[in-house]
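First the proteins, then the strands, lettered A, B, ... as listed; each starts at 1.
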Amino acid sequence: MGASIKDPKKKCIFVVGPTASGKSAWALEMARKYNGSIVNIDSVQFYKGLLIGSAAPTEAEKMQAPHYLYSYVDAPREMTAGEYLKDFYALTQTDIKFPLFIVGGTGFYIQALEKGMFNVEPIPEHFRKDIEEELASKGPGDLFDELMLKDPNSKIHINDHYRLVRAIEIIRYTGQIPSELKANPETNKNEFAFDYIKVGFNFEKNVFEGNVKSRTEKMIEAGIVEETLGFKNQGFENWAPLNSVGYKETLKYLREGKSQQWLSEAITQSTMKLIKKQKTWFRRDNTILWSNQSDSLSVFLS
RNA sequence: GGCUCGGUAGCUCAGUUGGUAGAGCAGAGGAUUGAAAAUCCUUGUGUCGGCGGUUCAAUUCCGUCCCGAGCCA
């Protein structure tokens, strides 16, 4: 990585956009056409067994082009953006066929890959647990004061406990200041190692609504309930990925004995909310080439 | 037919001992550096079921009617 010259034969295409926008189908078609590979960058499709609810590619689809980083993380392991970067770059050291179509709607991971992440040494789990206990017993006030004292430029809100704990963890364990790490090119310059473009997919809300409704019905027919129940029965109810759209609602359905109609409406609604958040994420990225300009792909790959 | 309890924001409901009302959810916008499909922030005027009455003032009290649920005939 770093300042090394990029290999002109190794090109990547980020295929981004909200869920249910048709990214995967297009990527598959292009991977076949250009004899490339598909790499997952969806934060739920990493996990083994979360297939129906995450709308992961089917076996039939996977046979049409090489697919990587799908269904490879076993419960109860939980992925992180940092581990994803390692896995991704390890993959590029193999004889994987370029161009790589990197497909997914997880803006945070896309950003991590594209812009890099500052390097923080691994922090032992108990260290965070202690901070979380402090938060639970005394509330966020003291931790927030500590953050403001050490990192006055931090934009973290006092109620955003997850980010607050993470920031305090970095400050206390490493002595480093998160917003300085982020702003300093010395600590944060590991940008993407290959030539790339980003192709985006999107629709108007009403189009998504129709797509999402039928997609939800298909998920229920295909057995999202059974899939979820399998993890629940193995004691993985608190596994973070099961707190994602589709699984979250199914767990509630199982726990509270809701109707199937409730399930269908709940998943559809959550999915629409997800789409809205994804749109917000991608809206600010003015380097995305929207799919109606997709001839830019052939230009890029020529 | 009688009695009881309800009828308040798109939904579920709170509240006003009379001075025209507020939460959660949904919706809209935004943030996002190792959980991210997560987490967090901002954003709430609605004939307070209709009509009359009492009152300086009624969504709040009284009467009446309509609608819903339950109980008794």
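When the side-chain nitrogen and oxygen atoms of Lys273(A) are compared with OP1 and OP2 of A26(B), one or more of them lie within a distance under 4.0 Å. Listed pair Arg163(A) / A35(B) fails the phosphate criterion, with no side-chain N or O lying under 4.0 Å from OP1 or OP2. The phosphate of G30(B) (OP1 or OP2) has no side-chain N or O of Lys277(A) nearer than 4.0 angstrom. Distances shown here put every side-chain N or O of Lys279(A) at or beyond 4.0 Å from the OP1 or OP2 atom of G29(B). A close approach under 4.0 Å does not occur between any side-chain nitrogen or oxygen of Lys155(A) and OP1 or OP2 of A31(B). Between Asn159(A) and C41(B), a side-chain N or O to OP1/OP2 separation shorter than 4.0 Å is present. Phosphate contact (OP1/OP2 of A37(B), side-chain N/O of Thr106(A), threshold under 4.0 Å): present. Within the 4.0 Å cut-off from OP1 or OP2 of G30(B), at least one side-chain nitrogen or oxygen of Thr280(A) is found. For A36(B), one of the phosphate oxygens OP1 or OP2 lies less than 4.0 angstrom from a side-chain nitrogen or oxygen of Tyr109(A).
The side chain of Met117(A) has U33(B) as its nearest neighbour among G29(B), U33(B), A36(B). Of the candidate nucleotides U32(B), A28(B), U39(B), U39(B) has the atom lying nearest to any side-chain atom of Tyr162(A). Which of A35(B), G29(B), G27(B) sits closest to the side chain of Gln269(A) comes down to G27(B). Side-chain proximity of Val245(A) to A37(B), C40(B), A36(B): nearest is A37(B). Of the candidate nucleotides A28(B), U33(B), A37(B), A28(B) has the atom lying nearest to any side-chain atom of Lys276(A). If you check A37(B), A36(B), A38(B) against the side chain of Asn243(A), the one that comes closest is A38(B). You'll find that the side chain of Val120(A) is closest to G34(B), out of U32(B), A37(B), G34(B).
Using cut-offs of 30° and 60° on the angle between ring planes, the pair Phe236(A) and Trp239(A) is tilted.
For the C1' atoms, the distance linking A28(B) with A9(B) amounts to 15 Å, nearest Å. Using C1' as the reference atom, A23(B) and A31(B) are 24 Å apart when rounded to the nearest Å. Nucleotides U12(B) and U47(B) are separated by 15 Å at their P atoms, to the nearest Å. On the C1' atoms, U20(B) is 10 Å away from A57(B), given to the nearest whole Å. With C1' as the reference atom, U17(B) and G30(B) are 43 Å apart, rounded to whole Å. One C1' atom belongs to A73(B), the other to A26(B), and the distance between them is 44 Å to the nearest Å. Comparing G10(B) with G46(B), their C1' atoms sit 12 Å apart, to the nearest whole Å. A gap of 15 Å separates the C1' atoms of G44(B) and C48(B), to the nearest Å.
Looking at heavy-atom distances under 4.0 Å, Asn238(A) makes no contact with the nucleic acid at all. Looking at heavy-atom distances under 4.0 Å, Ser54(A) makes contact with a base. As judged by a 4.0 angstrom heavy-atom cut-off over every strand, Arg283(A) is placed among residues touching the sugar-phosphate backbone only. Residue-level contact check: Gly53(A) touches the bases, meaning some heavy atom is under 4.0 Å from a base atom.
Between Glu134(A) and Arg172(A) there is a salt bridge, with a side-chain nitrogen of the basic residue lying less than 4.0 Å from a carboxylate oxygen of the acidic one. Residues Lys11(A) and Asp195(A) are not paired through a salt bridge, judged by the lack of any N-O separation under 4.0 Å between the basic side chain and the carboxylate.
Each of Asp160(A) and Met272(A) has a nearest nucleotide on RNA chain B; the 5'-most of these lies closest to Met272(A). Remark on RNA chain B: of its neighbouring residues Arg284(A) and Ser244(A), the 5'-side contact belongs to Arg284(A), judged by nearest-heavy-atom nucleotide.
The cationic atom of Arg283(A) (NZ for Lys, CZ for Arg) does not lie both less than 6.0 Å from the six-membered ring centre of Trp281(A) and within 45° of the ring axis.
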Original post:
Please walk me through it: do Phe231(A) and Tyr47(A) pass ring-ring contact (aromatic ring centres under 6.0 Å, His included)?
Top reply: CA-CA 12 Å; Phe231(A) 284 98; Tyr47(A) 296 101; 9.3 Å; no
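Contact of Arg128(A) with A35(B) (side chain to base): no donor-acceptor pair of N or O atoms is detected under 3.5 Å. Side-chain atoms of Arg166(A) and base atoms of G34(B) include a donor and an acceptor less than 3.5 Å apart.
Counting only N and O atoms by type, the side chains of Asp87(A) and Tyr72(A) include a donor and acceptor under 3.5 Å apart.
Without hydrogens or angle criteria, Gln234(A) side chain to Gly230(A) main chain gives a donor-acceptor distance under 3.5 Å.
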